2 protein chains.
Amino acid sequence: MGEETPWLDEEEQQTWLAMVSMFVRLPAALDAQLQRDSGISHFEYQVLAGLSMAPGRTMRMSELAEFAEGSLSRLSHTTSRLAKKGWVRRAPDPQDGRSTLACLTDAGWAKVVETAPGHVAEVRRVFVEALTATQRRQLREIATRVNGAIGPGKACS
Amino acid sequence: MGEETPWLDEEEQQTWLAMVSMFVRLPAALDAQLQRDSGISHFEYQVLAGLSMAPGRTMRMSELAEFAEGSLSRLSHTTSRLAKKGWVRRAPDPQDGRSTLACLTDAGWAKVVETAPGHVAEVRRVFVEALTATQRRQLREIATRVNGAIGPGKACS
DNA sequence: AGGATTCACTTGACGCATCAAGTAAAGGAG
DNA sequence: CTCCTTTACTTGATGCGTCAAGTGAATCCT
């Protein structure tokens, strides 16, 4: 790497530190709330919530992985755990023998119904209520730009 | 939890999803760059960078943990690994026998010098260059508010 | 001064994520 | 039809983070 990488100026540095702090603490806060109130991780919640919104409460593993923004491997392990708890069932895809369908059970649906309100409340608390409507609009534009700069990690709309 | 937790409206939901995406992907992008170019995690970088900026390249473990926004336990494990690589030394605090001082070695300093430019470049790419000065100002205010709403996790200025 | 409490870590066990390798079905080339 | 490649996962080993328990030094309270 060349010598001449410009450092961040004072204003940029301050903003960056605030942002890093937010990035470290916000996921931690969400995980903590879910773990405390429902005993599941944020990723597990995303998986269950994704299935709960899908037609037939069923999705192909690869779609679900993309939705939850995790690797297929991670999803596979997670699905095994969720299956062990009786919240998800695996089934082979009749259309394509390579695919696996993940399907939310009734118990899994109940878990989502039980978990969602508390989680949404937490989101409202740290995100909706802490900001003005204008700030939320600004944040949306900022997040879109940053996501674009990170690259087409997959979730490109 | 009561039945009447209001759901997010369309605008809030869109923003929230963009934000979650950013939150999942930005740390991943930073970790990936550091791992690829220098073989260390973002947390390890924060630890090394923290020490490199401290007077005498030395800090008490608890201060360092607060700076890097991790638990003391996590820092202890991480410090053990960094010590094994020869980048950090532990020393008892002569002022207070309970405390441990972490001290950056010359090899550790060299590692930071070698690692920082690439990391800063990545930060500039996804953060500074992707946004306008106005947006960075907005983001700073937003991050401050969200951090406040999360609570005094420790990093309260 | 003596005993209890708090503080600042350290350690070990356990859980989850990642990475590399493996399996099986689908699709394509000759 | 056979072989090869690609796709869509699954599995096992490894490593890091967290939680609970432990250690020893400092401090507080009679």
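Numbered from 1 within each chain, the chains take letters A, B, ... in sequence-line order. Just the heavy atoms: all of them, side chains too, but no hydrogens, waters or symmetry mates, feed the values below. Owing to the predicted nature of the structure, the values given are computational and were not obtained by experimental measurement.
Nucleic acid contact for B/Ser73: base, since at least one base atom lies under 4.0 Å from a heavy atom of the residue. Using a 4.0 Å heavy-atom criterion, one finds that A/Thr100 contacts the sugar-phosphate atoms exclusively. At a threshold of 4.0 angstrom between heavy atoms, the contacts of B/Asp96 are confined to the sugar-phosphate backbone, with no base atom among them. Backbone-only contact: B/Thr78 has heavy atoms under 4.0 Å from sugar-phosphate atoms and none from a base.
Computed from coordinates, the A/Arg25 CZ to D/dG17 C1' distance equals 19 Å when rounded to whole Å. Taking atom CG of residue B/Leu75 and atom P of nucleotide D/dC16, one finds them 14 Å apart after rounding to whole Å. The nearest whole Å value for the distance from the CG atom in B/Leu72 to the P atom in C/dT10 is 7 Å. Following rounding to the nearest Å, B/Arg74 (CZ) and C/dC16 (C1') show an atom-to-atom distance of 14 Å. With rounding to whole Å, B/Glu44 atom CD is found 12 Å from D/dG17 atom C1'. Atom NZ in A/Lys84 sits about 10 Å away from atom P in C/dG15, given to the nearest Å. A/Asp31 has its CG atom 11 Å from the C1' atom of C/dC16, to the nearest Å. Residue B/Arg36 contributes atom CZ, which lies 17 Å from atom C1' of C/dT18 at whole-angstrom precision.
Phosphate contact (OP1/OP2 of C/dA17, side-chain N/O of A/Arg81, threshold under 4.0 Å): present. At D/dT10, one or more side-chain N or O atoms of A/Arg90 fall inside 4.0 Å of OP1 or OP2 (strictly under the cut-off). Taking only side-chain nitrogens and oxygens, B/Arg60 comes nearer than 4.0 Å to OP1 or OP2 of C/dA8.
In this structure the side chain of B/Met61 reaches within 4.5 angstrom of the side chain of B/Arg90, judged on heavy atoms. Between A/Arg60 and A/Thr100 the shortest side-chain heavy-atom distance does not fall below 4.5 Å. Side chains of A/Leu48 and A/Val88 form a contact here, defined as non-hydrogen atoms less than 4.5 Å apart.
Among the nucleotides D/dA8, D/dA25, D/dT18, the one closest to any side-chain atom of B/Arg98 is D/dA25. Taking the side chain of A/Met61 as heavy atoms from C-beta on, and the options D/dA25, D/dT18, D/dT10, the nearest nucleotide is D/dT10. Taking the side chain of A/His77 as heavy atoms from C-beta on, and the options D/dT11, C/dA8, C/dA13, the nearest nucleotide is D/dT11. For B/Ser62, taking side-chain heavy atoms from C-beta onward, the closest of the listed nucleotides C/dA8, D/dG12, D/dC19 is C/dA8.
In terms of position on DNA chain C, the residue among A/Phe43 and A/Gly97 whose nearest nucleotide sits closer to the 5' end is A/Phe43.
B/Asp37 and B/Gln33 share a donor-acceptor pair across their side chains, judged by distance under 3.5 Å alone.
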*Report the C-alpha distance between B/Gln46 and B/Glu69 in whole Å, list the side-chain angles of each, state the deciding distance to 0.1 Å, and finish with yes or no for side chain to side chain contact (heavy atoms under 4.5 Å, CB included).*
CA-CA 9 Å; B/Gln46 294 266 69; B/Glu69 311 203 71; 5.7 Å; no

